[in-house]
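Worksheet: one structure, shown below.
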Amino acid sequence: MPRIKKTSCQRHRSTVPQPHFKPVRKQRRAMTAAKSAEKRASTISGALPQPIRDFRIPVSKAELSMGQWDARAPQRIHYGVPELISYGAGDNPQLEFLRVPAMKDRRIIGYVPLPTRYRSSWVYLCYCVEYWLAVWKCWDGESKKNKKKQKNTKTQKERADLIDTSRKNAGARFLQAMLARRIVLEECIANGVNDERIKSLDEFLIRDHRDWLFVEFDELPDDADMYLAADPLHQGNNKMFETGWGVNVNDISIMLGQADDAWMSEGLDLSEMFKKEMDAALKRLRDGAEEIHITHDENAELPDRWHESHEPPIRFISKRKD
């Protein structure tokens, strides 16, 4: 599940921990990343072919409204379970890659080629989209319901503000996950069936592990270089990335408490969980806890491309061309 810190009792799924970082200049960050490559290689189990020296996935500070999302409903795309495709003669396939079905209204409209190493990572990214969409819808419904009530006391007004903050934060998480997936899709389509690194997906995994999705590159902490050089898929780096954070991208179904992958094509319904956990989530937000403060800029515009249908739209690969 997205970024849940391990404590004596497991926190609510929509908990958003706050990283502690010291802003540094981008020039210094790039210079440090270049100079310390050899040192990092000795401290990590597996390194990326090239360390990350800038972010491909921008930080969005605009607020997406539910109306803007609903307007895109007719173009809603879901993704099926990645299928392993083998090319070659006999028992010795020369090429293996994953083919991800892209579905609209339960009908396959094309495929996304994906290197086999990214199966769990891709599913996890899709899970983040569906999870934060479901949480955002819950908070949006609660916010609309709360607006109809009179708020005469300080406590009632405080609760209304906390609900609005939770709605904005969940919406920001959803938008950031959609933006990341759009960029990953573009790179996957351009990569085709080649067994190359999907750099934007590597970046998403690293930033998600470290809770840096809302941190600009020049605001990263001083120890970031080690993580920016490490391969997030290498098993030897699991401990480094997962220290203090509980997530298992290899078993999405268990994380969801479901026995199948129906959520991939049908989405998630978290309304029952939300009813049970809402008051506790508001209390944690009120008390400060580890909730991250996601900055919203009222004057900021939405990213040009965060949905598959935005121009130029994603051109999925047909079955004949893959």
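Side-chain atoms are counted along with the backbone in the values below, which use heavy atoms only and exclude waters and symmetry mates.
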Checklist line | Step-by-step side chain to side chain contact (heavy atoms under 4.5 Å, CB included) determination, V112 to L98 | finding: CA-CA 8 Å; V112 180; L98 296 172; over 6 Å; no
Does any part of the side chain of [Y], heavy atoms only, come nearer than 4.5 Å to the side chain of [X], both counted from C-beta?
X    : Y    : value
D195 : R117 : yes
W122 : L185 : yes
L125 : F204 : yes
L48  : I206 : yes
Y79  : P101 : no
Y131 : L270 : yes
I317 : P113 : yes
D202 : Y118 : yes

Notebook entry, point to check: Hey, mind stepping through F274 and W139 against ring-ring contact (aromatic ring centres under 6.0 Å, His included) and telling me if it holds?
Noted result: CA-CA 9 Å; F274 180 79; W139 283 119; 4.7 Å; yes
Taking [X] for the side chain and [Y] for the main chain, is one N or O donor matched with an acceptor at less than 3.5 Å?
X    : Y    : answer
E266 : W263 : no
R167 : C138 : no
H234 : D231 : no
D164 : D161 : no

Side chains of [X] and [Y]: donor-acceptor distance under 3.5 Å anywhere?
X    : Y    : value
K147 : S143 : yes
Y227 : N237 : no
S309 : R72  : yes
Q68  : S65  : yes
T116 : E96  : no

So that I can tick it off, tell me whether [Y] and [X] are bridged by a salt bridge, with the cut-off set at under 4.0 angstrom between side-chain N and carboxylate O.
X    : Y    : value
E308 : R76  : no
R99  : E83  : yes
D279 : R159 : yes
D54  : K199 : no
E186 : R182 : yes
E142 : K275 : no

Atom [atom1] of [X] and atom [atom2] of [Y]: how far apart are they, to the nearest 0.5 Å?
X    : Y    : atom1 : atom2 : value
Q176 : R207 : CD    : CZ    : 6.0 Å
I77  : H307 : CD1   : NE2   : 7.0 Å
T165 : R286 : OG1   : CZ    : 13.5 Å
S166 : L282 : OG    : CG    : 5.0 Å
S265 : D105 : OG    : CG    : 12.0 Å
L201 : C188 : CG    : SG    : 7.0 Å

Notebook entry, point to check: For D304, does the CG atom sit with more than 12 other heavy atoms under 6.0 Å from it, leaving out its own atoms?
Noted result: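 For D304, atom CG is not crowded (no more than 12 foreign heavy atoms under 6.0 Å).
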Note to self: With salt bridge (Lys or Arg N to Asp or Glu O under 4.0 Å) as the criterion, how do K283 and D287 come out once you've worked through the C-alpha distance, each side chain's angles and the decisive distance to 0.1 Å?
What the structure shows: CA-CA 6 Å; K283 183 178 184 302; D287 295 343; 2.9 Å; yes
To check you understand the geometry: which heavy-atom pair defines the closest contact between [X] and [Y], and what is its length?
X    : Y    : answer
W212 : P221 : CZ2-CG, 3.6 Å
N146 : A160 : ND2-CB, 3.1 Å
V193 : L95  : O-CD1, 3.8 Å
L213 : R173 : CD1-NH1, 4.2 Å
G80  : V100 : O-CG1, 3.8 Å
P58  : I183 : CD-CD1, 3.6 Å

Check: Where do Y111 and F316 land on the side chain to side chain contact (heavy atoms under 4.5 Å, CB included) test, with the steps shown first?
Finding: CA-CA 5 Å; Y111 297 88; F316 298 106; 6.0 Å; no
Next item on the list: If the plane angle is over 60° it's perpendicular, under 30° parallel, otherwise tilted; pick one for F174 and W69.
Entry: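 Rings of F174 and W69: perpendicular, as their planes differ by over 60°.
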Next item on the list: Assign the ring pair Y127 / Y124 to parallel, tilted or perpendicular, where the plane angle (0 to 90°) is split at 30° and 60°.
Entry: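 Ring orientation of Y127 relative to Y124: tilted.
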Check: Does the side chain to side chain contact (heavy atoms under 4.5 Å, CB included) test come out yes or no for L228 and L220, once each step is laid out?
Finding: CA-CA 10 Å; L228 296 176; L220 290 172; 3.9 Å; yes
Check: So H78 and E130, side chain to side chain contact (heavy atoms under 4.5 Å, CB included) or not? Walk me through it.
Finding: CA-CA 10 Å; H78 286 93; E130 297 299 335; 3.6 Å; yes
